[in-house]
Chemist: 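Got a structure for you, questions after.
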Amino acid sequence: MIRRAVAIVAAAWPGTALAGAWPQEAGGTQVIVKAEHMRASDGFDAAGELRPLLVPREDDAVSIFAEHGLTDRLTLQLRTEWQSGQDQFADYEGLGPTEIGLRYQVLRTARGTVSAYLGYARAGEGRNAGYAAPGAGDHDWEVRLLAGHSARLPWFGDREVFIEVQAARRVRDGLADEDHLDVTTGVHFGSDWMLLNQVYAGRTTEGPEVSWINAESSLVRRAGDWSLQVGWRQAVSGRGEVPAQGGPLFAIWRRF
């Protein structure tokens with residue numbers, strides 16, 4: 001159940017696709033359509049201090065993510081999105097980055113899993129990095145290591161819980177390379193409800209330092225092969241002209 005429940009949940013920044021460490025079963029498919037509505041009136045400067053923006057920043061996105069189990073260990077994943085928004089420098093609308101990748105489960109136990117992901121992304125007309133101007137960048141390669149563990153905790157009402165940690169290096173053409181560290185915890189309330197708490201952190205590895213930490217909480221309601229996710233994401237820290245964005249997100253999951 002855990003491996004079917006853990007799936008992609010919004011990227012900390014456009015162009016970052018995250019997927020669960022547990023693979024899709026062979027022949028199984030999951031599609032997630034998500035809408036995000038992010039706003040910022042402040043931003044983090046080069047010293048990490050919050051400063052008012054001259055003009056509030058707005059970023060909206062509707063994304064489609066799909067993953068398909070090629071075997072019990074190998075999963076194909078695809079993601080693209082449509083973006084629109086504005087800040088003091090640009091008013092933009094267009095296709096965001098499009099990504100394709102393979103995720104392979106290299107180790108599995110009764111309660112745990114370790115997977116590796118290799119992906120390629122082609123930049124779009126929208127924001128290909130949250131700190132960059134629309135259209136900046138060309139294409140990216142990403143290598144990601146994902147580890148997850150689930151347990152049933154008697155002292156927590158015998159509920160099923162899981163934790164997942166992902167570490168990635170994103171090699172970018174036209175933008176600075178990036179390191180990412182993402183942590184997700186989930187708690188199941190019965191068979192149909194799940195509470196997700198996530199932290200997405202990243203930094204550039206060259207040039208002037210740009211870093212960010214975003215926190216996200218959401219509730220997922222399952223109804224058969226469908227699930228509805230409602231949550232909120234908020235930037236809690238940053239450095240290097242990063243917007244202190246926050247806003248709601250909504251997603252519909254469908255399993256086939």
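Only this structure's heavy atoms are used, side chains among them; waters, hydrogens and symmetry mates stay out.
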Chemist: For R39, is there an ion pair with D60 - N to carboxylate O distance below 4.0 angstrom?
Modeler: yes

Chemist: Cluster question for you: counting only ILVMFWY and a side-chain heavy-atom cut-off of under 4.5 Å, with indirect links fine, are V199 and L181 together?
Modeler: no

Chemist: In the single-linkage hydrophobic clustering (I, L, V, M, F, W, Y; side-chain heavy atoms under 4.5 Å), do L145 and L74 co-cluster?
Modeler: yes

Chemist: What I want to check is whether the side chains of Q30 and W253 have a donor and an acceptor closer together than 3.5 Å.
Modeler: no

Chemist: For atom CZ of F189, decide whether the heavy atoms of other residues, nucleotides or ligands shown that lie under 6.0 angstrom number more than 12.
Modeler: yes

Chemist: Is there a chain of hydrophobic side chains (I, L, V, M, F, W, Y, each step under 4.5 Å between heavy atoms) that links V242 to M38?
Modeler: no

Chemist: Does T75 use its side chain to pair, donor to acceptor, with the backbone of Q24 at less than 3.5 Å?
Modeler: yes

Chemist: Please determine whether side chain to side chain contact (heavy atoms under 4.5 Å, CB included) holds for the pair S217 and N197, giving the CA-CA distance in whole Å, both sets of side-chain angles, and the decisive distance to 0.1 Å.
Modeler: CA-CA 5 Å; S217 292; N197 287 294; 2.5 Å; yes

Chemist: Take V187 and W193 through the side chain to side chain contact (heavy atoms under 4.5 Å, CB included) test and state the conclusion after the steps.
Modeler: CA-CA 8 Å; V187 181; W193 292 90; over 6 Å; no

Chemist: Is D182 salt-bridged to R144, cutoff N-O under 4.0 Å?
Modeler: yes

Chemist: Please determine if R222 and D192 form a salt bridge, counting it only when a charged side-chain N lies under 4.0 Å from a carboxylate O.
Modeler: no

Chemist: Hydrogens and angles aside, do Q105 and T113 bring a side-chain donor and acceptor to less than 3.5 Å of each other?
Modeler: yes

Chemist: So which atom in G94 and which in E125 form the shortest heavy-atom distance, rounded to 0.1 Å?
Modeler: C-OE1, 3.9 Å

Chemist: In Å, rounded to the nearest 0.5 Å, how long is the span from CD1 of I64 to OG1 of T98?
Modeler: 10.0 Å

Chemist: Got a salt bridge between R127 and D87, using NZ or NE/NH1/NH2 to carboxylate O under 4.0 Å?
Modeler: yes

Chemist: Thinking salt bridges, do D42 and R51 make one under a 4.0 Å N-O criterion?
Modeler: no

Chemist: Drop me the distance from T204's OG1 to E206's CD, to the nearest 0.5 angstrom.
Modeler: 7.5 Å

Chemist: Working to the nearest 0.5 angstrom, can you tell me the gap between R108 CZ and S115 OG?
Modeler: 10.0 Å

Chemist: May I ask you to check whether H180 and Y200 place their ring centres under 6.0 Å from each other?
Modeler: no

Chemist: Mind listing the closest non-hydrogen atom pair of G224 and R255 along with its distance?
Modeler: O-NH2, 3.3 Å

Chemist: Within the 3.5 Å criterion, strictly below it, is a donor on Y131 or E178 matched to an acceptor on the partner's side chain?
Modeler: yes

Chemist: So, E164 side chain and A21 main chain: donor-acceptor pair closer than 3.5 Å or not?
Modeler: yes

Chemist: Salt bridge check: are R170 and E99 linked by an N-O gap of less than 4.0 Å?
Modeler: yes

Chemist: Hey, are R172 and D177 close enough for a salt bridge, meaning a charged N less than 4.0 Å from a carboxylate O?
Modeler: no

Chemist: Is a salt bridge present between E81 and R79, judged by a nitrogen-to-oxygen distance below 4.0 Å?
Modeler: yes

Chemist: If hydrophobic clusters are built from ILVMFWY residues whose side chains come within less than 4.5 Å, do L102 and Y104 share one?
Modeler: yes

Chemist: How close do G137 and L175 get, heavy atom to heavy atom, and via which atoms?
Modeler: CA-CG, 3.9 Å

Chemist: Will you find, in the side chains of D59 and Q245, an N or O donor that is under 3.5 Å from an N or O acceptor?
Modeler: yes

Chemist: Closer than 3.5 angstrom, by distance alone: can the side chain of D45 be matched with the main-chain N or O of E241 as a donor-acceptor pair?
Modeler: no

Chemist: How is the hydrophobic cluster of W226 composed, in terms of its other members, when Ile, Leu, Val, Met, Phe, Trp and Tyr link through side-chain heavy atoms under 4.5 Å apart, directly or indirectly?
Modeler: L228, V230, F250, I252

Chemist: Using modelled atom types only, decide if a donor and an acceptor are shared between the side chain of D179 and the backbone of R169 within a distance under 3.5 Å.
Modeler: no

Chemist: Taking the six-membered ring of F256, is NZ or CZ of R254 closer than 6.0 Å to its centre and within 45° of its axis?
Modeler: yes

Chemist: In terms of relative ring orientation, are H139 and Y120 parallel, tilted or perpendicular, with 30° and 60° separating the classes?
Modeler: tilted

Chemist: Using a strict threshold of under 4.0 Å (side-chain N to carboxylate O), is an ion pair present between R203 and E209?
Modeler: no

